[in-house]
Each structure stands twice: as C-alpha cells, then as structure tokens.
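Just so you know, these numbers use all the heavy atoms, side chains as well, and skip hydrogens, waters and symmetry mates. It should be emphasised that the depicted structure is a prediction, and the values quoted were computed from it without experimental measurement.
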Amino acid sequence: MAMAGDPNIMTDFVVPANFSGTIDGSFFTFTGMRSVISSDYPSTLTVTKASLANFPALDGQSVSYALLQFPAGAINPPHTHPRSAELLFVVEGSLNVGFIDTTNKLYTQTLNVGDMFVFPKGLVHYQSNDDPKQPTAAISAFGSANAGTISVPLSVFTTGIDDTILAKAFRTDVATIQKLKKA
C-alpha cells in the first residue's frame, strides 16, 4: 500500500516490532548530529538527517529534521520531497533558494542568518551557497518522519530513461544528453 503522508497512530508512540531495548529517554534521543557539529566543515554539500530510517522514535510523529552544510559555492540541486513541506532555517552564512510551482512560476529569495523559507510539499526546489569564500549551514524541518527526496538530476539522468526520449524532452540531441549523464 502506498501512502502520500504519515499514517495517524492510535497510541502515544510506536515501538518498532524488532526493538529489544528498554523504552526510556534514550529511545526518544537522537545523537547523530554530535559529530557533525564538532567536526570541520565538509568539502562537499553534506546533509545529515534525523528521519525514520535512523531515528525509530519518529515513527508516527510526522516530523523529521536535517542539517545541511554548504561549503563555499556548493548547491543542493533541484529536488522534491513528495511527502512533506520543508521549513529551512539559515544558521550560518547565506543561501539563495527557490522553488517552482505547478504553473512553472519560479519563486526565489536570498536568505541570511536567522531567515526561514518554506518549500511547499512536493514542489521542485533548490538551495545554493553563492558565496565563493564562506560556508553556510541550515536546518530543515519536515512534516513527515520520512519526507523522501527525489533528486531531479539523478532521477532524470541515472535511472535508465532512453537517451532519445531525454533528447526530445529537453529539445536537444543525444550527444548532449550523454555529456550530461557523464557530468
């Protein structure tokens, strides 16, 4: 059964069927961000998630979180979250962000420390640190324990869609599509 969002639960919280530990405060604690906060800035875009996959206490709670670290000049390519809106909060540096609505209108904004921006559920969006010298960090909150991420470049160029179909769709030639696949 496919679901477009998190199911409603009839209990206070969900304990995974294969969980054999004690249900105490540690079950509701995620420590996976500790090493990210205390380490040097990464050399590539790094997204550290606290989602259902690595924090089972989120099951049924309709929330998750991500820390995004952008080195100077890094981008988070166009992508979408099919099961949740995203609320992004800039904690260091600045980001250029944007999303495209269902009428193909582009909405953009430059965000600075302390600014928040919402990407509506399911819409294609991106973030870009355009500063060539300074890193940026942002926190994203999601209204789903498993928001899902579909990367537009990866889903278009690495999933086996025939080059001829892509060339027609992008109004270009097969050679250009093949170059894009190698990039």
Side-chain angles (χ1 to χ4, degrees), residues 1-7 36 41-54 58 62-90 93-111 115-183:
M1 174 174 68
M3 295 192 68
D6 289 1
V36 176
Y41 225 84
S43 59
T44 60
L45 170 69
T46 302
V47 179
T48 306
K49 296 179 182 181
S51 65
L52 182 58
N54 59 1
L58 295 179
S62 299
V63 295
S64 59
Y65 207 63
L67 172 64
L68 295 87
Q69 296 174 292
F70 296 81
I75 67 163
N76 192 359
H79 62 282
T80 182
H81 305 288
R83 293 181 289 277
S84 178
E86 175 180 355
L87 183 61
L88 181 108
F89 177 60
V90 178
S94 65
L95 280 176
N96 287 320
V97 300
F99 72 86
I100 305 160
D101 73 9
T102 58
T103 67
N104 288 326
K105 181 174 179 180
L106 175 64
Y107 297 85
T108 63
Q109 187 66 36
T110 299
L111 305 177
D115 293 346
M116 296 177 93
F117 192 86
V118 64
F119 300 103
K121 180 179 180 177
L123 296 184
V124 173
H125 59 280
Y126 65 90
Q127 299 103 18
S128 176
N129 176 5
D130 295 342
D131 190 315
K133 296 181 181 174
Q134 297 298 316
T136 296
I139 297 168
S140 287
F142 300 93
S144 172
N146 182 13
T149 301
I150 299 171
S151 169
V152 173
L154 289 177
S155 65
V156 170
F157 295 112
T158 66
T159 55
I161 299 173
D162 186 83
D163 290 350
T164 304
I165 291 172
L166 292 174
K168 287 179 183 178
F170 286 101
R171 296 185 177 114
T172 189
D173 55 63
V174 170
T176 300
I177 295 298
Q178 290 172 344
K179 284 181 187 176
L180 287 169
K181 285 183 169 184
K182 291 179 183 177

As an exercise, state the distance from [atom1] of [X] to [atom2] of [Y], rounded to the nearest 0.5 Å.
X      : Y      : atom1 : atom2 : result
Leu58  : Lys49  : CG    : NZ    : 13.0 Å
Thr44  : Gln69  : OG1   : CD    : 10.0 Å
Asp163 : Leu180 : CG    : CG    : 10.0 Å
Phe157 : Ile177 : CZ    : CD1   : 5.0 Å
Asp115 : Phe117 : CG    : CZ    : 10.5 Å
Ser51  : Tyr65  : OG    : OH    : 14.0 Å

Please find the pair of heavy atoms, one from [X] and one from [Y], that lie closest to each other, and give the distance.
X      : Y      : result
Ala145 : Ser64  : O-CB, 4.0 Å
Tyr41  : Pro71  : CE2-N, 4.1 Å
Ala66  : Phe142 : CB-CE1, 4.0 Å
Val36  : Leu67  : CG1-CD2, 3.2 Å

Can you tell if the side chain of [X] reaches within under 4.5 Å of the side chain of [Y], non-hydrogen atoms only?
X      : Y      : value
Met116 : Leu88  : no
Pro82  : Ile150 : yes
Leu95  : Thr110 : no
Asn129 : Ile75  : no
Thr159 : Ile161 : yes

Using only heavy-atom distances, determine whether the side chains of [X] and [Y] contain a donor-acceptor pair under 3.5 Å.
X      : Y      : result
Ser140 : Glu86  : yes
Tyr126 : Asn76  : no
Ser128 : Asn96  : no
Thr164 : Asp162 : yes

(message) Using the rule side chain to side chain contact (heavy atoms under 4.5 Å, CB included), only one of Ile100, Leu106, Thr102 pairs with Asn104; which is it?
(response)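 When side chain to side chain contact (heavy atoms under 4.5 Å, CB included) is applied between Asn104 and each of Ile100, Leu106, Thr102, only Ile100 qualifies.
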
(request) Evaluate side-chain hydrogen bond (donor to acceptor under 3.5 Å, both in side chains) for Ser144 paired with Asp6, printing each intermediate quantity in order. (result) CA-CA 6 Å; Ser144 172; Asp6 289 1; 2.8 Å; yes

(request) Check the surroundings of atom NZ in Lys181: do more than 12 heavy atoms from other residues, nucleotides or ligands lie under 6.0 Å from it? (result)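 Enclosed.
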
(message) Let's go through Val152 and Val124 carefully: what are the C-alpha distance in whole Å and the side-chain angles of both, what is the deciding distance for side chain to side chain contact (heavy atoms under 4.5 Å, CB included) to 0.1 Å, and is it a yes or a no?
(response) CA-CA 8 Å; Val152 173; Val124 173; 4.1 Å; yes

(message) Assess the residue pair Thr46 and Thr48 against the criterion (side chain to side chain contact (heavy atoms under 4.5 Å, CB included)); give the C-alpha distance rounded to whole Å, side-chain angles, the decisive distance to 0.1 Å, and a yes or no.
(response) CA-CA 6 Å; Thr46 302; Thr48 306; 4.0 Å; yes

(request) Let me see the working for Thr176 and Val174 under side chain to side chain contact (heavy atoms under 4.5 Å, CB included), right down to the final yes or no. (result) CA-CA 5 Å; Thr176 300; Val174 170; over 6 Å; no

(request) Say whether, by atom type as modelled, one donor and one acceptor occur between the side chain of Ser62 and the main chain of Gly143 under 3.5 angstrom. (result)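 No: the side chain of Ser62 does not pair with the backbone of Gly143.
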
(request) Report the C-alpha distance between Phe119 and His81 in whole Å, list the side-chain angles of each, state the deciding distance to 0.1 Å, and finish with yes or no for side chain to side chain contact (heavy atoms under 4.5 Å, CB included). (result) CA-CA 9 Å; Phe119 300 103; His81 305 288; 6.0 Å; no

